[in-house]
A.B. asks: 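This is the structure, below, for whatever I ask next.
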Amino acid sequence: MKNNPISQIRNIGIIAHIDAGKTTATERILYYTGRSHKIGEVHDGEAVMDWMIDEQERGITITSAVTTCQWKTNEIQIIDTPGHVDFTIEVERSLRVLDGAVGIFCAVGGVEPQSETVWHQADKYLVPKMAFVNKMDRVGADFFRTVDMIAQRLNANPLLLQLPVGIEDSFKGVIDLLSMQQIIWTSDDPKAEIRTTDIEEKYLDQAREYRDKLVERVAEVDDEIMEAYLEEADIPVDQLEAAIRRATLNLRLVPVLCGTALKNKGIQPLLDAIVKFLPSPLDVPPIEGHHPETGELIECTAKRKAPLVALIFKVSMTEGRKLSFVRVYSGQLKAGVDVYNPSRNKKEKVSRILRMHANKRERLDIADAGSIVGVVGLKDSSTGETLCDASAPVLLEKMEFQKPVISISVEPKTHQDQDKLDQVLEKLTAEDPTLQVKQDEDTGQTILSGMGELHLEIITSRMQREFKTNVNIGKPQVVYRETLAKEAAASAVFDKEVAGNRHFAEVELKLRPLSRGSGSQFRSAIKPDTIPEIFLPAVEKGVRDAMEYGDLMGYPVVDVEAVVTGGSFKESLGTELAYTVAASMACREALKKGDPFLLEPIMDVEVFVPEAFMGDVIGDLSARGGKIESISSKAEIQIISAIVPLSKMFGYSTALRSSSQGRANFTMKFSHFDKS
């Protein structure tokens, strides 16, 4: 594959709800760009991008897969992301390094819950987006309703570039509203002839109406087009395309196309639109970092002849080796050369650079600015850390990850498995920052915490299949939080000799309950001569350490404010150690007095169910302690929105299948913690 100018590179993500057709669309993109010579189908377990055994068996994407392909003179680097809420971390870290995204929407289902989640994640990183309305051949497909949902539920400004020619089983092509031509696929065969013709008479009025709407909408966001529009001048297609590109890059418009990926219709125009309207690395604002020592703001521009700046956005342990996925923002990454990790103040050697194609790879000597590559040889560096030149250090903003909400216990089946287990867990947590491992001091069990039942199911499956480690799984345990019902005050004195030196500190604290979602807060309400200001960070550390383990069941304490109300200080005896310990002792005492109680994770649940089974589903949710918030309909499907305690949702997927003859499905995501 040739080395393209940076202006001809497109780094895009394919994002959507589960089963909207992301991987199917990606397979067609790979086929039509010549990257694959055979189309792999998700339902056959042969999709190139779903290479893990668990992905092939379940027909879903679990891990974001990277590939590179060539369309005409442009290089397109694609990340196919998961659609299941348990793997939101894969979407989050992919969007962090992408320049553009294509949202895939099912023409029947419209904007589904996880579509909203990933779309808003893209908004968070200011990623320009396009929309592709897929499955236009399905019974119940409704292009215009889906576009309305994109506007309403995603707060987006959709711009129709195409209209469908036919619908459901009569869908055969699209009308291009820019060129005012009709594009027809002669059959469902991937090698079918594509015919570009004049628009059929029966579609002409509708096409003219929507062409006028397209120009109006572009004129609203572009002064150049507005001027021509008001003068009623003919606007050349290239001028209109340039304006659409500007508006897309500025997040003011979302170009919308349509097709059916499974029936091989609409992919070539989608590729053309990706190249025309989504940004190259030169079109997005330079990423900003800081000097690790001075804190000075540094802009990292996408130039090959500049100091290296790159971000590790994912780590994968494959075949026992650590593979780091890296986005190069500036400069060049070279094989065999040392790079600097300012987070750890360490130099690392880049042994090999790999251009990725799912789980296949091709060696490179150099990765230029704008590239997304795999790197072998980084021993200590991990997800979210920066690689740069030691002579020009820069630290990019670290990535934030959600906290796990569900836990299981894992125990090795044999002594041989015991030896492996710790190493395997270390590798898995290096890969996945939302996975946490801890030892229960009371029971001696190893506790594995993750984002949902499916997340932990996949992890334990990988332990056995990939790492040949057999484990017994304990019942899932919910990760609770603790808080206080009332104000409580306490004081503590630490006065001891440690390592031959006397340490003294006295701290008085008051703990006050806060509203839900406030977290844990700390402030001082004392005069400077009570406790010297230099020791307040040590007091705060002691308080926060104590709040990591509540008095009730040892869960973290949240929604509590700790206020330092008094204390004392003795010259030459006051130390950080003393104030940390005294603050921790006072905080633990106050936690006992504050009538602590448990908070449990409450989940947002959306159930999609045919009307005939709605009564049974509502009854089951109510029996689980759920509160129904709304019921709406979409075509023949009823959508039930509820909030339900996570502890009552174990095994729900099986129960739902049984009560609906397998015709209902649901999505679940964390909402908030509340009283159990």
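One is the number of the first residue; the rest follow in order along the sequence.
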A.B. asks: Return the set of residues passing side chain to side chain donor-acceptor pair (under 3.5 Å) with Asp272 (not counting sequence neighbours), or none when no residue passes.
C.D. replies: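 Counting only residues at least two positions away or on another chain, Asp272 forms a side chain to side chain donor-acceptor pair (under 3.5 Å) with Trp71, Lys72.
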
A.B. asks: What residues, two or more places apart in sequence or in another chain, satisfy side chain to side chain donor-acceptor pair (under 3.5 Å) together with Asp137?
C.D. replies: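 Testing Asp137 for side chain to side chain donor-acceptor pair (under 3.5 Å), a comparison that skips the adjacent residues, returns Thr260, Lys263.
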
A.B. asks: Going by salt bridge (Lys or Arg N to Asp or Glu O under 4.0 Å), name the pairs with one or both residues in residues 162-179, residues two or more places apart or in two chains.
C.D. replies: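 Residue pairs passing salt bridge (Lys or Arg N to Asp or Glu O under 4.0 Å), neighbours aside: Lys172-Glu200.
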
A.B. asks: Considering only residues two or more places apart or on different chains, which pairs with a residue in residues 96-116 satisfy ring-ring contact (aromatic ring centres under 6.0 Å, His included)?
C.D. replies: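 Output for this query lists Phe105-Trp119.
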
A.B. asks: Salt bridge (Lys or Arg N to Asp or Glu O under 4.0 Å): which pairs involve residues 223-236, sequence neighbours left out?
C.D. replies: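 Residue pairs passing salt bridge (Lys or Arg N to Asp or Glu O under 4.0 Å), neighbours aside: Glu224-Arg246.
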
A.B. asks: Near Glu397 CD, under 6.0 Å, is it more than 12 heavy atoms from other residues, nucleotides or ligands?
C.D. replies: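 For Glu397, atom CD is not crowded (no more than 12 foreign heavy atoms under 6.0 Å).
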
A.B. asks: What residues, two or more places apart in sequence or in another chain, satisfy side chain to side chain donor-acceptor pair (under 3.5 Å) together with Glu209?
C.D. replies: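 Side chain to side chain donor-acceptor pair (under 3.5 Å) list for Glu209, sorted by chain: Lys213.
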
A.B. asks: Not counting sequence neighbours, which residues clear side-chain contact (heavy atoms from CB on, under 4.5 Å) with Asp148? List them please.
C.D. replies: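 By the side-chain contact (heavy atoms from CB on, under 4.5 Å) rule, Asp148 matches Gln152.
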
A.B. asks: State which residues pass side chain to side chain donor-acceptor pair (under 3.5 Å) with Tyr210; sequence neighbours excluded, sorted by chain then number.
C.D. replies: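 Not a single residue meets the side chain to side chain donor-acceptor pair (under 3.5 Å) criterion with Tyr210.
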
A.B. asks: Can you name the residues that form a side-chain contact (heavy atoms from CB on, under 4.5 Å) with Thr383, not counting sequence neighbours?
C.D. replies: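 Only Arg93, Val315, Met399, Phe401, Pro433 meet the side-chain contact (heavy atoms from CB on, under 4.5 Å) criterion with Thr383.
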
A.B. asks: Could you pull out all residues at least two apart from Trp185 that satisfy ring-ring contact (aromatic ring centres under 6.0 Å, His included)?
C.D. replies: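 Here no residue qualifies.
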
A.B. asks: Do any pairs count as a salt bridge (Lys or Arg N to Asp or Glu O under 4.0 Å) and have a residue in residues 275-292, sequence neighbours left out, and if so which ones?
C.D. replies: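 Matches after skipping sequence neighbours: Glu241-Lys276, Arg245-Asp283.
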
A.B. asks: Which pairs, with at least one residue in residues 177-189 and sequence neighbours excluded, count as a salt bridge (Lys or Arg N to Asp or Glu O under 4.0 Å)?
C.D. replies: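 Residue pairs with at least one partner in residues 177-189: Asp188-Lys265.
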
